[in-house]
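Shown next, in structure tokens, is the structure this report addresses.
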Amino acid sequence: MHAFLKDIVPAAQNNINTRFIILDKVRSPPATTTSGKSCIALAADETASVHIQLWGDECDAFEAGDIVKLTNGIFSYVRNSGLLLRAGKRGKMEKVGEFTVAFVETPNVCEIQWNPDPENPKRYIQNGVVSAYSRIFPPLP
């Protein structure tokens with residue numbers, strides 16, 4: 001069973017299984033870091049949208065309109081990039097279709113301010129909304 005994007009919360013664990021459609025990718029060339037090539041994409045399901053980090057061959061493998069299944073993904077803060085959903089070292093992304101899924105662009109769960117839960121510092125709770133829409137991929141006029 002897969003989780004809806006509106007239900008994911010930041011955690012340092014590879015335990016997110018979900019499905020989404022890629023709506024857009026950053027148009028600039030992928031960044032190259034010491035860890036290899038990476039790029040950012042906007043993805044959504046029927047409940048919310050999220051920023052996705054793609055690594056290496058994933059940057060070329062996925063395009064707007066692709067429906068992707070993520071297994072054992074991680075949703076966490078990435079240095080200089082903010083909150084991102086990604087496969088990580090233990091996860092896997094695979095294309096499962098094209099252009100045939102309902103989606104919404106708001107809320108974007110990466111634009112929510114998260115704070116550690118005072119009762120359990122390993123968990124995060126929502127503290128407020130920074131922006132209803134993606135600030136990386138602004139809505140079209």
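If you're wondering where the values come from, they're calculated on a predicted model, not measured in any experiment. The basis for the numbers below is simple: all heavy atoms, side chains too, and nothing from hydrogens, waters or symmetry mates.
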- Identify the two heavy atoms, one from Ser76 and one from Leu83, that lie closest to each other, and give their separation to 0.1 Å. C-CD1, 3.5 Å

- Task: Mind listing the closest non-hydrogen atom pair of Leu23 and Ala64 along with its distance?
- Result: O-CB, 3.5 Å

- Query: Can you check whether Cys110's main-chain N or O pairs, donor with acceptor, with Asn108's side chain at less than 3.5 Å?
  - Reply: yes

- Message: Taking Asn72's backbone N and O only, do any of them form a donor-acceptor pair with Asn17's side chain (distance below 3.5 Å, no angle check)?
- Response: yes

- Task: Report the C-alpha distance between Gln53 and Leu85 in whole Å, list the side-chain angles of each, state the deciding distance to 0.1 Å, and finish with yes or no for side-chain contact (heavy atoms from CB on, under 4.5 Å).
- Result: CA-CA 6 Å; Gln53 184 176 42; Leu85 179 63; over 6 Å; no

- Item | Interatomic spacing from CD in Glu46 to NZ in Lys6 - rounded to 0.5 Å | 10.0 Å

- Message: So, taking the atom named NE2 in His51 and the one named CG in Asp24, what distance separates them when rounded to the nearest 0.5 Å?
- Response: 10.0 Å

- Item | Residue pair Leu54 / Met93: nearest heavy atoms and the distance that separates them | CD2-SD, 3.8 Å

- Item | Thr47 side chain to Phe4 backbone, donor-acceptor under 3.5 Å | no

- So which heavy atom on Arg19 is nearest to which on Ile67, and how close? CG-CG2, 4.1 Å

- Leu5 to Val50 - nearest heavy-atom pair and separation: CD1-CG1, 3.8 Å

- Taken to the nearest 0.5 Å, the spacing of Phe62 CZ from Ile22 CD1 works out to 6.0 Å

- Taking all heavy atoms of Ile52 and all of Ala43, pick out the closest pair and write down the distance. CG1-CB, 3.5 Å

- Rounded to the nearest 0.5 Å, what's the gap from CZ on Phe103 to CG on Leu42? Could you check? 9.0 Å

- Item | Point-to-point distance, once rounded to the nearest 0.5 Å, from OH of Tyr124 to CG of Asp117 | 11.0 Å

- Message: Can you tell me if Asp57 has over 12 outside heavy atoms packed within less than 6.0 Å of its CG?
- Response: no

- Item | Any donor-acceptor N/O pair, Thr18 side chain to Ala3 backbone, under 3.5 Å | yes

- Message: When you compare the side chain of Arg90 with that of Ile74, does any pair of heavy atoms fall below 4.5 Å?
- Response: no

- Would you check if the side chain of Ser49 reaches a backbone N or O of Ala44 as a donor-acceptor pair within less than 3.5 Å? no

- In one Ile/Leu/Val/Met/Phe/Trp/Tyr side-chain cluster, 4.5 Å: Ile21, Val96: yes

- Query: Going by an N to O cut-off under 4.0 Å, is there a salt bridge joining Glu63 and Lys95?
  - Reply: no

- Message: Would you compute the distance between atom CZ of Phe20 and atom NZ of Lys69 and round it to the nearest 0.5 angstrom?
- Response: 12.0 Å

